[in-house]
Amino acid sequence: MKYRKLVPVTLMLILALAPSAFAEGGDEALKASVNANLEATAKKIVALAEATPEDMFGWRPNVEVRTVSEVYMHIVGANLLLPVSLGATPPEGLEMGDNPYATLQQLEKDITTKKEVIAKLEESFAYVTQALASLEDLDTEVQLFGAPQPKRAYYMVLLGHAHEHLGQAIAYTRSMGIVPPWSQPQN
């Protein structure tokens, strides 16, 4: 729990640096860069989920952190929530209700099997790629997480979030004795 204090600091640093990081090159360059990176990250996340045995999807290193399935579904939640919060049309069938966070937390609890989790991961990454491409006027400020920033800054938050939980998933699988597929020796 001692690292929880670093999350707001890291988020604020990302938000402070993100607007200048993509000031040159325009919106389409940003969208292309983020989508290419998200696609590569998605492949790794899905590969880790596929490499994890079904019976380990309920495993967690200790009671204070998410289970394997909850980590993956947390990624799904961010992939759904952030684009919608930036103005993208929600995916068909998704009802966020009055409290989107509660809706997404419930998904973490309800979707726990390997097959379902992998399907939701794949769907969410396909959605986020399409949703981000559809957004316009990335200089428009929005306020999420208490920090008003241009939409482009939240692209970086989404990307950082995917990488953060990729690292967490790598640590989980390594703790189980599983070598990530892209790190396995090649013949």
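Nothing here was measured: the structure is a model prediction, and the numbers come from that model.
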| remark: Minimal heavy-atom distance between Ala51 and Pro181, with the atoms involved, is CB-CG, 4.2 Å
| From NE2 (His163) to NZ (Lys44), nearest 0.5 Å | 8.5 Å
| Donor-acceptor contact present, side-chain Lys151 to main-chain Thr140, <3.5 Å | no
| query | Judged by atom type as modelled, is there a donor-acceptor pair below 3.5 Å linking the side chain of Ser183 to the main-chain atoms of Val179? | reply | no
| task | Ignoring hydrogens and angles, tell me if any N or O in the side chain of Tyr154 forms a donor-acceptor pair with the backbone of Leu86 under 3.5 Å. | result | no
| field | Intermediate values then yes/no, side-chain contact (heavy atoms from CB on, under 4.5 Å), Thr129 and Glu39 | value | CA-CA 8 Å; Thr129 299; Glu39 184 179 318; 5.8 Å; no
| request: State, yes or no, whether a side-chain contact exists between Lys114 and Thr52 at a heavy-atom distance under 4.5 Å. | output: no
| query | Quick one: CZ on Arg174 to CG on Leu48, what's the gap to the nearest 0.5 Å? | reply | 9.5 Å
| query | If you take all heavy atoms of Arg60 and Val63, which pair is closest and at what distance? | reply | CD-CA, 3.7 Å
| Any sub-3.5 Å donor-acceptor pair from Glu116's side-chain atoms to Ile111's backbone N or O? | no
| request: Check whether any side-chain N or O of Gln186 sits under 3.5 Å from a backbone N or O of Gln184 as a donor-acceptor pair, and report yes or no. | output: yes
| field | Residue pairs fulfilling ring pair (Phe, Tyr, Trp, His ring centres under 6.0 Å) with at least one residue in residues 72-117, sequence neighbours excluded | value | His74-His161, His74-His165
| Nearest 0.5 Å, what's the CG-CD1 distance between Asn79 and Ile45? | 7.5 Å
| note | For Tyr127 and Pro90 the tightest heavy-atom approach is OH-CA, 3.7 Å
| said: On a heavy-atom basis, which atom in Ser134 and which in Ala88 lie closest, and how many Å separate them? | reply: OG-CB, 4.3 Å
| For the side chain of Arg66 and the backbone of Val71, is there at least one donor-acceptor N/O pair under 3.5 Å apart? | no
| query | Any side-chain heavy-atom pair from Leu80 and Val84 closer than 4.5 angstrom? | reply | no
| message | With a 4.5 Å cut-off on side-chain heavy atoms, are Leu135 and Tyr155 touching? | response | yes
| task | Return the minimal non-hydrogen interatomic distance between Ala49 and Leu121, and the atom names on each side. | result | CB-CD1, 4.1 Å
| query | If you round to the nearest 0.5 Å, how far is CD of Gln105 from CE of Met73? | reply | 12.5 Å
| query | Looking at side-chain heavy atoms only, is the closest gap between Lys43 and Phe125 below 4.5 Å? | reply | no
| said: Measuring only between side-chain heavy atoms, which start at C-beta, is Leu38 closer than 4.5 Å to Leu159? | reply: yes
| How about Val117 and Lys120: do any of their side-chain heavy atoms sit closer than 4.5 Å? | no
| field | From Gln143 atom CD to Ser85 atom OG, the distance as rounded to the nearest 0.5 Å | value | 12.0 Å
| query | Nearest 0.5 Å, what's the CG-CD distance between Leu107 and Glu70? | reply | 12.0 Å
| field | Working for side-chain contact (heavy atoms from CB on, under 4.5 Å), residues Leu158 and Leu132 | value | CA-CA 10 Å; Leu158 183 64; Leu132 291 179; 3.7 Å; yes
